Amino acid sequence: MQLENANGLGEVLKMSAVGVDVLLTSGRTLKQGRGMEIGKLSSDYFDAVSICEMDESTLKVLGIEDGDPVRVETDIGSVVVFGKHDRRAEPGVVFIPCGPYANAVTGSDTLESGMPGYKSIPARVFPAKGETVPTVEEILAEMVGVG
Amino acid sequence: MTKEMLLTNGRVYDPMNRVDGEQKDIAISDGKIVERVSGKAKTIDLKGRMVMAGGIDMHSHIVGSKLGFGRAMCPEDHRKDPVPKTKVTRGGVGYTMPNSYVIGYRYSAMGYTTVIEPALPALKALGSWEELEDVPCLDNGLLPLFCNSMITFNYVKEKDISGLAGYIAWILRKVGGLGVKVVCPGGTYAWAHGRNVRELDSEVPDWGITPREIIRGLTEATEALGLPHTMHLHPLNLGRVGNIKTTIEHLEAIKDIKGHKGRKQICHLTHMSFESLAMHEDEKAKPEWKWVSSGGLELAEYANKNKHFTVDLGQITFGPATTMTGDGPFQFTLYQMTKNKWANICVDVEMPGGAGVVPYFFDPKSPANAVQWAIPLEFALSVNDVWRVIMTTDHPNAGPFTKYPLVLSWLMSKKQREIWLEKVHKFATERSTLADIEREWSLYEIAITTRAAPAKILGMHDVKGHLGIGADADVTVYDLDPTKTNLADDPEKIIKTFGESYLTIKGGEEIAKKGKIGRTPVGKVWTIHPEVSDELWERANKELEKMINRWYAHSFDNYPVPERYREHLEQKVVIDSTSVSA
Amino acid sequence: MTESEKVFQNVVCPFCGCLCDDLRIEVKDGKIVKNDEGCAISKAKFLSHDEDRLSTPTIKRNGEHVEVSFDEAMKRAVEILTAARRPLVYGLSSTENDAHREAYKIAETLGGVVDNTSSVCHGPTVLGVQESGEAAGSLAEVKNRADLVIYWGSNPQFAHPRHLSRYVRAEGEYIGDPKTGRKIWVFDIRKTISAGVADEFIRIEPGTDLEILGAMRAILRGHVLDIEEIGGISVKSLTEMVEKMKEVKYGILFFGLGLTQSKGRHRNIDAAVRLVQDLNTFAKWNMMPMRGHFNVAGANKTSTWQTGYPFAVDYARGYPRYQPGEYTAVDMLARGEADALLNIAADPAAHFPRRALRHMAAIPIINLDPKRNMTSLMAEVNLPAAMAGIECDGAAQRMDGLPMYLKKLIDPPEGVLPDRDILKTLHEKIAKEVG
């Protein structure tokens with residue numbers, strides 16, 4: 001736990017202050033399901049899970065267009081994904097489909113239940129113009145240090 | 001190579017062949033009892049130990065979705081009863097809901113070789129076949145439920161006994177069943193409306209038929225097909241004070257139905273302890289638990305006068321139990337009463353409303369539980385014909401099957417009953433005649449109730465439940481010389497003797513010795529295949545396809561249990577039912 | 001139609017817990033060319049089943065995955081597992097029941113831990129049920145009778161794409177027109193696509209499920225709440241909802257990971273169970289977890305009959321012990337306890353959080369899967385497996401407990417075996433080593 005927090009804090013300190021505080025949640029999508037069944041290393045899967053959905057006002061505050069990269073940070077770590085407009089979304093909650101990008105910022109503490117906290121994680125979203133969204137292989141390597 | 005064995009100098013109790021404690025040798029060859037074996041046979045000198053056929057339990061919940069749900073819901077049930085693996089056996093857990101392997105081991109260690117699961121939702125049969133593969137050391141059978149199915153109701157409403165028989169035949173063949181089970185006929189269906197049906201002539205919602213018509217229809221269809229096992233009945237109004245009246249009404253309602261080829265019995269009444277609750281004679285008495293009294297004697301007197309049914313006890317044993325029945329509304333009532341955890345498991349159109357599971361603790365200090373305990377004992381000890389009475393605990397409803405030795409001690413020893421009447425609430429004495437009963441069951445009677453009679457009632461008596469020539473070599477040797485002990489005076493000895501066999505042989509193989517499992521073969525699953533006329537078979541397929549595709553949430557084609565899960569286990573008994581008209 | 005063309009009817013779809021069994025699959029020249037009736041994900045599964053496969057067994061040498069024979073991969077797997085002091089066997093939800101049977105044997109023989117993916121989906125549901133029970137529904141009963149359908153923290157249009165059309169927006173014997181005969185309510189923190197097709201969408205504040213369920217139960221029991229709103233819902237409208245719930249003929253609460261994974265976890269389920277139990281005093285109510293992987297419910301079932309417990313089972317003492325939070329996979333990994341992982345038909349590298357993953361990278365992994373996936377990238381040993389329900393048969397369990405038989409439609413790639421056969425061989429070899 002110590003280690004995870006320390007890492008996350010380090011990342012936060014590096015960043016500029018223009019971020020939007022949100023609750024990050026993860027879950028299934030149709031595209032993620034299809035991508036998974038085509039293959040986890042397919043471009044379909046990458047396209048489906050390397051995104052963060054948010055409402056229009058959040059995009060505006062961040063000053064980005066639909067599809068621009070954003071950095072999502074939590075106490076656990078940070079990850080760069082494509083910011084996507086979700087017309088049904090409301091301010092305050094953003095969504096990353098379940099998969100490695102969501103996991104990169106999810107804690108492992110199960111509170112003695114076996115279940116980590118995949119939902120409603122306090123997070124901050126930053127614009128990340130110029131940054132690259134890592135591939136599935138890259139994000140795995142980043143998380144564990146192997147390829 | 002022929003596998004031969006000779007058991008010499010056993011004291012044999014084999015009621016089907018009228019053998020009552022005679023010294024006899026038992027010869028075994030290739031899994032069967034034979035006249036004689038060659039000199040090469042393995043010989044075991046039993047030195048006067050008691051020998052019976054392998055035990056048969058005709059009503060014990062050992063597989064299926066209710067049990068699985070109960071097991072998963074109650075880890076606290078198993079935790080205190082770990083069973084480490086050995087070189088031969090798998091690891092596992094007890095207690096009221098052991099894992100599948102431990103069920104097989106513990107039954108076998110007690111000398112049982114055949115156990116019937118009495119409540120199969122037919123559409124979930126595949127799961128039960130998978131599970132049976134992991135219940136070692138036992139032959140099995142499954143009784144599909146027909147009592148709350150919309151398909152049954154459809155035929156009953158049309159007064160179409162042939163159609164109903166065609167449906168039963170189709171289910172038995174397609175999913176592998178042994179007979180017809182009836183649970184709370186119409187009442188569980190009503191539970192889909194949040195209601196119950198408690199009386200025989202109350203209407204079942206949506207259908208305009210009555211439980212009386214349902215049980216009559218199912219009994220008539222069973223007899224028309226000539227199924228070896230009679231309609232296996234768990235009546236309405238379970239667990240309600242005064243329900244002995246309802247129970248006898250059920251038995252009266254079908255009394256006139258002619259048995260197949262003139263057989264006397266047409267019904268098996270199961271776990272009578274739960275449905276023989278009488279009301280204490282008092283002007284203030286109401287159908288409430290504080291007014292409960294034993295209906296055991298009343299049912300026994302009825303049974304002595306009326307021969308058309310057989311009974312198993314569902315003997316209440318004290319301590320933890322897990323109640324699980326296809327009687328959803330009863331389980332809900334029990335949940336409301338106890339506030340214990342409650343699971344409801346509805347089963348599509350075969351048991352809308354659903355089965356239930358509620359853990360329960362039978363407390364010797366509880367007035368109601370004490371009376372419940374007295375009921376089956378009073379009944380069993382008051383019935384003239386033991387061939388119609390089977391000892392069970394409706395495992396795990398009234399307690400786990402591992403309590404059988406204790407139950408036998410109550411049946412065999414007045415001394416033991418007196419000890420227990422002292423321990424339990426005084427209502428057992430005041431609200432039943434148990435304290436006055438002198439009768440003690442003999443070893444011969446024990447061999448009837450645990451072997452010969454269940455085999456007969458199930459229709460497996462050609463090869464099961466006895467030690468005559470041609471029988472399956474399922475043999476139990478107990479570590480007791482019956483000529484040297486008066487068991488009635490020594491209840492602890494009864495418990496010890498029946499708690500652990502000296503030797504359990506199944507299909508000619510030594511399975512357990514002094515409680516240790518040496519081999520874990522997978523047994524056979526017994527099924528009945530009624531051969532009906534081509535016309536009826538065609539009709540059943542056509543009509544069932546229509547009903548299943550309309551009402552279920554999966555297809556007719558995917559309903560049957562595929563052969564690949566059955567062929568290596570199944571012991572098919574083909575019966576000729578071609579006389580049923582289409 | 002030529003001999004190389006075959007059509008299979010009533011095929012069971014091995015994707016999600018719906019196990020839709022009405023697919024029509026066309027096979028031509030040993031290739032699946034058409035999936036009628038299946039959802040978009042089902043189509044992807046069947047039509048792309050041969051893409052991105054693990055083609056041959058591999059082991060890692062100097063950090064590289066090297067193709068080896070089946071026997072060589074097996075030998076390495078046995079070495080790893082028999083050398084391990086705390087092996088973890090994990091996965092199982094995307095394979096058939098017979099494979100599970102072999103996995104438990106392996107765990108028992110090794111004295112290791114065996115857990116299935118339910119620990120990261122409906123594990124909290126199991127815990128909630130262990131606390132209070134469950135009035136469990138069935139899909140046919142829902143189809144025939146339910147006049148109020150609630151989805152709570154579940155987005156079926158995405159995760160179970162035909163759930164609504166097959167069981168809810170479908171005709172039922174006692175429902176008549178499904179559009180008017182029943183109402184659908186969605187409770188969620190986001191307006192999901194499923195919320196869009198519901199009659200009512202009730203947006204709740206993240207992490208307030210437990211409070212809302214508790215408040216509903218209090219209202220049901222006639223308690224007066226001296227607050228205006230809870231979880232973003234006014235007490236007034238919550239009271240109206242409860243009144244409607246009391247008056248239905250047959251209600252069903254479908255719940256998803258929005259409830260099991262949120263703050264409160266199993267306590268949320270306990271609260272939902274209690275609410276539904278209480279509702280039964282007024283009207284018929286049942287509930288059902290929306291099980292994700294096609295056989296995750298089966299994994300709970302097989303584990304329960306064979307070990308006594310539904311998941312999180314430890315065989316270290318020669319008999320099964322059960323403790324979620326201890327013997328659950330994420331905990332075993334995040335705590336750094338497991339020293340080898342046998343992963344079967346799951347992709348923990350794609351679904352476990354960072355810290356668990358970091359430990360996975362530090363221990364040898366033996367991975368069985370039909371496809372290349374994220375875990376295969378990390379695995380010391382990869383063993384390609386046949387795809388259950390397409391390339392090998394087997395049994396699986398639908399979300400409502402119905403067992404279904406999966407058909408074999410085509411042969412697996414040459415040399416590729418079903419999970420059950422690989423695991424059986426593996427167990428035999430391990431048993432020989434361990435004695």
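Quick note: numbers below take in every heavy atom, side chains included, and nothing from hydrogens, waters or symmetry partners. Residue numbering restarts at 1 for every chain, and letters A, B, ... go by the order of the sequence lines. For clarity, every value in this text was computed on a predicted model and none was experimentally measured.
- For Ala334(C), the part sitting under 4.5 Å from any heavy atom of chain A is the side chain, from C-beta outward, and nothing else.
- You'll find the side chain of Arg28(A) reaches within 4.5 Å of the side chain of Ile41(C), heavy atoms only.
- Chain A forms the most heavy-atom pairs under 4.5 Å with one residue out of Asp331(C), Asn373(C), Thr328(C), and that residue is Asp331(C).
- Between Ser120(A) and Ile189(C), the shortest heavy-atom distance links the atoms OG-CD1, 4.3 Å.
- With a 4.5 angstrom heavy-atom cutoff, Arg265(C) touches chain A only via side-chain atoms.
- Considering every non-hydrogen atom in both Ala349(C) and Asn103(A), the closest pair reads O-ND2, 4.4 Å.
- Residue contact with chain A, scored on non-hydrogen atoms closer than 4.5 Å, is absent for Leu333(C).
- Proximity to chain A (any heavy atom under 4.5 Å) is shown, for His351(C), by both the backbone and the side chain.
- At least one side-chain heavy atom of Pro100(A) sits under 4.5 Å from a side-chain heavy atom of Met374(C).
- Minimum heavy-atom separation, Arg355(C) to Ser108(A): CB-OG, 3.1 Å.
- The residue among Ser376(C), Pro161(C), Gly207(C), Ala159(C) with the most heavy atom pairs within less than 4.5 Å of chain A is Ala159(C).
- From Met143(A), atom CE reaches atom CZ of Arg358(C) across 10.0 Å, with rounding to the nearest 0.5 Å.
- For a residue to count as touching a neighbouring chain, one of its non-hydrogen atoms must lie under 4.5 Å from one of that chain's; by this rule Arg203(C) touches chain A with the side chain only.
- Looking at Val93(A) and Pro206(C), their side chains come closer than 4.5 Å, going by heavy atoms from C-beta outward.
- For Phe352(C), the parts lying near chain A are the backbone and the side chain together; criterion is any non-hydrogen pair under 4.5 Å.
- Evaluated for a side-chain contact (heavy atoms from CB on, under 4.5 Å) with Tyr118(A), the options Pro353(C), Cys121(C), Ser262(C) yield exactly one hit, Pro353(C).
- For the pair Glu51(C) and Ile38(A), the minimum side-chain heavy-atom distance is below 4.5 Å.
- Looking at every heavy atom in both residues, Ser42(A) comes nearest to Asp52(C) through N-OD2, 4.1 Å.
- Proximity of a side-chain donor or acceptor of Arg88(A) to a complementary backbone N or O of Lys191(C) within less than 3.5 Å is detected.
- Taking 4.5 Å as the limit, some side-chain heavy atom of Glu142(A) sits within range of a side-chain heavy atom of Arg354(C).
- For Thr260(C), the parts lying near chain A are the backbone and the side chain together; criterion is any non-hydrogen pair under 4.5 Å.
- Dense packing is recorded around NZ of Lys43(C), with more than 12 heavy atoms of other residues, nucleotides or ligands lying under 6.0 Å away.
- With contacts defined as side-chain heavy-atom distances shorter than 4.5 Å, the pair Met360(C)/Val144(A) does not qualify.
- When heavy atoms are compared at a cutoff of 4.5 Å, Leu127(C) approaches chain A solely by way of its side chain, counted from C-beta outward.
- Here the closest non-hydrogen pair linking Pro116(A) and Val120(C) is CD-CG1, 3.8 Å.
- Between Leu140(A) and Leu377(C) there is a side-chain heavy-atom pair separated by less than 4.5 Å.
- The 12-atom threshold is not exceeded at CZ of Arg267(C), counting heavy atoms of other residues, nucleotides or ligands nearer than 6.0 Å.
- Of the two parts of Gln323(C), neither the backbone nor the side chain holds a non-hydrogen atom closer than 4.5 Å to a non-hydrogen atom of chain A.
- The minimum heavy-atom distance between Leu30(A) and Ala40(C), with the atom names listed, is CD2-CB, 4.3 Å.
- The contact between Leu23(A) and chain C is made entirely by side chain atoms (from C-beta outward), counting heavy-atom distances below 4.5 Å.
- With hydrogens and angles ignored, the 3.5 Å screen pairs no side-chain donor or acceptor of Lys371(C) with any backbone N or O of Met36(A).
- Only the side chain of Tyr45(A) comes within contact range of chain C, judged by heavy atoms closer than 4.5 Å.
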